[in-house]
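Working notes, beginning with the structure itself.
Basis for what follows: all heavy atoms, side chains included, without hydrogens, waters or symmetry-related copies. Quick caveat: nothing in here was measured; it's all calculated off a predicted structure.
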Amino acid sequence: MATRRTLLVTGATSAFTLSGVRFAQSADAGAGGSGGDGVQTRVVGGTLPPGSPDYVYLPVEVPPGVREIHVSYAYERVPVPSGTQGNALDIGIFDERGTALGGRGFRGWSGGARTEFFIRADAATPGYIPGPVHPGTWHIALGPYTVAPQGLPYEVTITLRFGAPAPAPRPVYPPERAAGRGRSWYRGDCHLHTVFSDGKRTPEEVAAGARAAGLDFINTSEHNTHAAHGAWEGLWGDDLLILTGEEVTTRNGHALALGTDPGVFVDWRYRARDNRFGHIARGIRRAGGLVVPAHPHAACIGCGWKFGFGEADAVEVWNGPYTPDDEVALAAWDSTLAAAARSRRAWLPAMGSSDAHREPQAIGVPQTVVLADELSRGAILAGIRAGRSYVAESCGVSLAFSAAGGRGRHAGIGERLRVADDTPVTVRLDVTGAPGCTAAFVTDQGTLHTEALPASGTGTVEWTATPQYATYVRAEVRHAPVTPGVPGLPGPLAAMTNPVFLGGR
């Protein structure tokens, strides 16, 4: 049992490195198959104390001639008092190229979703990167997510299989463009999980669900791995654009790396105190992607967003079925609009995604509807970055929102209507598919106009103001309050828009 530890300070945060695990050379592997094939197994373990570093590395000396590495692990879920966090241990692996932050050694991560995985040249467990098992020092990464007061006893089993590797297939990535409808409003879900992280759906099931939900595009967003980027062959089409990305799942919040180049890995091994997120965010943008903090006010451990929004390109204010967490995120985002309007600085667009993992979680609830010149990666990301978008609970809900004033000037979602401060401006919202809902116009002062929609759910709402009275206007469509009769408690959203800014010649 390997229990001796030394402290290694990495580029991002402190981490333990355990005593290494060694194997015999392949010639000494023993019988286990024809042609000199063999199998060797080592079992190591120990106990991680409370307050352990975020990542603990177990070095494994891999000799030449290995065709497959297989790892399994287990840990004790000891009883804890009510209100105390128990044990939870994540796992992943880095190859002989090392564990440096953002380096090339990453070979996979499954968090706490799996108890075992394998890697070989021609295949790997979902979440892990297939490829040759080269000799050198590999590192199994253990992530003590939470540790009970008694400590976290664990055991890791490493098995090496020797022999000639199979040929490594070349990954096939989704194309960057689909047929689309030219300049149009395109519906997408940018936060989805499959069996390549902690989801239960296969890529085939997600693609089918996306089409059933009326989506035009999706973004792959597995936790801390890009392994799914090559898993969509045959699933895209003229009607469905598939973007590649990652959900960067840190201990201080989650962010979507949205629409990055296929095959790009985004590291997650840092906290806000490490002052590394800016470097990571710039790397995401160099890879062609957007940085989108996800569910920033979620209550789960490690989910609350602590990095600030200075490096964000958009923010996910609506995550899955509408909850109080989303209401808090919406209010916090609205405050950033007021600050941006005062300073004339760039503003942060809002998005919504399903974060669907498994049944009964629905793909496309909600979905971001983007005005784009074409159905392509570049056009969709440009529309999201510019805020030319709204969020709807399903493909059954559609909005059109604009402002007009002055000498025939008009502006749409995400744009600015440049007229004098005293110019009358009329904002107009057209809604379809929202029966029993109420429409509202929200400004930097708050909600200034509310109107019930017709029973059919299809109607038009107009309101007149001036830029002096409202610096920006955005629209909300809400269901009736879940708890009627409670003053000030709004109903869940059916749809919402990004703002139209007023004034500012």
Q. So Arg67 and Val133, side-chain contact (heavy atoms from CB on, under 4.5 Å) or not? Walk me through it.
A. CA-CA 6 Å; Arg67 65 178 176 85; Val133 182; over 6 Å; no

Q) On the ring face of Phe94, is Arg107 found with NZ or CZ under 6.0 Å from the centre and within 45° of the axis? A)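 Output no; distance or angle outside limits.
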
Q.
Within 45 degrees of the ring normal and closer than 6.0 Å to the centroid, is that where the cationic atom of Arg104 sits relative to Phe106?
A. no

Whether the [X] and [Y] side chains hold a donor-acceptor pair (N or O, under 3.5 Å, no angle test) is what I'd like checked.
{"X": "Thr137", "Y": "Glu61", "result": "yes"}
{"X": "Glu246", "Y": "Thr225", "result": "no"}
{"X": "His70", "Y": "Glu116", "result": "yes"}
{"X": "His357", "Y": "Asp198", "result": "yes"}
{"X": "Tyr128", "Y": "Ser110", "result": "yes"}
{"X": "Thr249", "Y": "His223", "result": "yes"}
{"X": "Tyr322", "Y": "Glu327", "result": "yes"}
{"X": "Thr159", "Y": "Thr41", "result": "yes"}
{"X": "His297", "Y": "Asp325", "result": "no"}

(Q) Between Glu374 and Arg177 (salt bridge meaning N to carboxylate O under 4.0 Å), is one present in this structure? (A) yes

Q: For the pair Arg187 and Asp216, find out whether any cationic side-chain nitrogen is under 4.0 Å from an anionic carboxylate oxygen.
A: no

Taking [atom1] in [X] as the centre, count heavy atoms belonging to other residues, nucleotides or ligands within less than 6.0 Å. Is the count above 12?
{"X": "His279", "atom1": "NE2", "result": "no"}
{"X": "Asp122", "atom1": "CG", "result": "yes"}
{"X": "Arg42", "atom1": "CZ", "result": "yes"}

Q: Sequence neighbours left out, what passes side-chain hydrogen bond (donor to acceptor under 3.5 Å, both in side chains) with Asp313? Give chain and number order.
A: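 Arg285.
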
Would you say [X]'s side chain and [Y]'s backbone share a donor-acceptor pair under 3.5 angstrom?
{"X": "Trp333", "Y": "Leu348", "answer": "yes"}
{"X": "Asn87", "Y": "Arg77", "answer": "no"}
{"X": "Thr244", "Y": "Thr260", "answer": "yes"}
{"X": "Arg181", "Y": "Trp185", "answer": "yes"}
{"X": "Asn224", "Y": "Val248", "answer": "no"}
{"X": "Glu68", "Y": "Leu160", "answer": "no"}
{"X": "Arg114", "Y": "Pro126", "answer": "yes"}
{"X": "Asn252", "Y": "Ala272", "answer": "yes"}
{"X": "His229", "Y": "Gly245", "answer": "yes"}
{"X": "Gln367", "Y": "Ala392", "answer": "no"}

Q. Given Arg97 and Asp95, is the salt bridge (charged side-chain N to carboxylate O under 4.0 Å, His left out) satisfied, shown in steps?
A. CA-CA 5 Å; Arg97 292 171 290 184; Asp95 66 19; 2.7 Å; yes

Q. Looking at Arg201, Glu247, Gln361, which one forms a side chain to side chain donor-acceptor pair (under 3.5 Å) with His193?
A. Glu247

Q | Test log, rule side-chain contact (heavy atoms from CB on, under 4.5 Å), inputs Ile242 and Thr220 | A | CA-CA 7 Å; Ile242 299 176; Thr220 71; 4.1 Å; yes

(Q) Tell me every residue that passes salt bridge (Lys or Arg N to Asp or Glu O under 4.0 Å) with Asp267, counting only those two or more places apart in sequence or in another chain. (A)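 Once residues adjacent in sequence are excluded, the partners of Asp267 under the salt bridge (Lys or Arg N to Asp or Glu O under 4.0 Å) criterion are Arg269.
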
Rounded to the nearest 0.5 Å, what separation is found between the [atom1] atom of [X] and the [atom2] atom of [Y]?
{"X": "Tyr390", "Y": "Asn498", "atom1": "OH", "atom2": "CG", "result": "12.0 Å"}
{"X": "Ile91", "Y": "Ile140", "atom1": "CD1", "atom2": "CD1", "result": "6.0 Å"}
{"X": "Ile363", "Y": "Ile218", "atom1": "CD1", "atom2": "CD1", "result": "7.5 Å"}
{"X": "Arg271", "Y": "Lys306", "atom1": "CZ", "atom2": "NZ", "result": "11.0 Å"}
{"X": "Leu256", "Y": "Asn219", "atom1": "CG", "atom2": "CG", "result": "7.0 Å"}
{"X": "Arg385", "Y": "Leu290", "atom1": "CZ", "atom2": "CG", "result": "5.0 Å"}

Given side chains that start at C-beta, do those of [X] and [Y] come closer than 4.5 Å, heavy atoms only?
{"X": "Val317", "Y": "His295", "value": "no"}
{"X": "Ile384", "Y": "Ser389", "value": "no"}
{"X": "Ile69", "Y": "Trp138", "value": "yes"}
{"X": "Leu330", "Y": "Leu493", "value": "yes"}

(Q) So that I know where these two stand, are Trp305 and Phe307 an aromatic pair - ring centroids less than 6.0 Å apart? (A) yes

(Q) Please tell me whether Trp232 and Tyr173 form a close aromatic pair, meaning their ring centres lie under 6.0 Å apart. (A) no

(Q) Applying side-chain contact (heavy atoms from CB on, under 4.5 Å) to Tyr55 and Leu142, what does each step give before you reach the verdict? (A) CA-CA 6 Å; Tyr55 303 101; Leu142 301 175; over 6 Å; no

Q: List for me each residue that meets side chain to side chain contact (heavy atoms under 4.5 Å, CB included) alongside Glu176, sequence neighbours excluded, and say none if there are none.
A: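 For Glu176 the side chain to side chain contact (heavy atoms under 4.5 Å, CB included) partners, ignoring immediate neighbours, are Arg377.
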
Q: Could you tell me which non-hydrogen atom of Pro130 sits nearest to which non-hydrogen atom of Ala121, and how far apart they are?
A: CB-O, 3.9 Å

Q | Trace of the side-chain hydrogen bond (donor to acceptor under 3.5 Å, both in side chains) decision for Ser197 with Glu222 | A | CA-CA 5 Å; Ser197 58; Glu222 309 296 356; 2.5 Å; yes

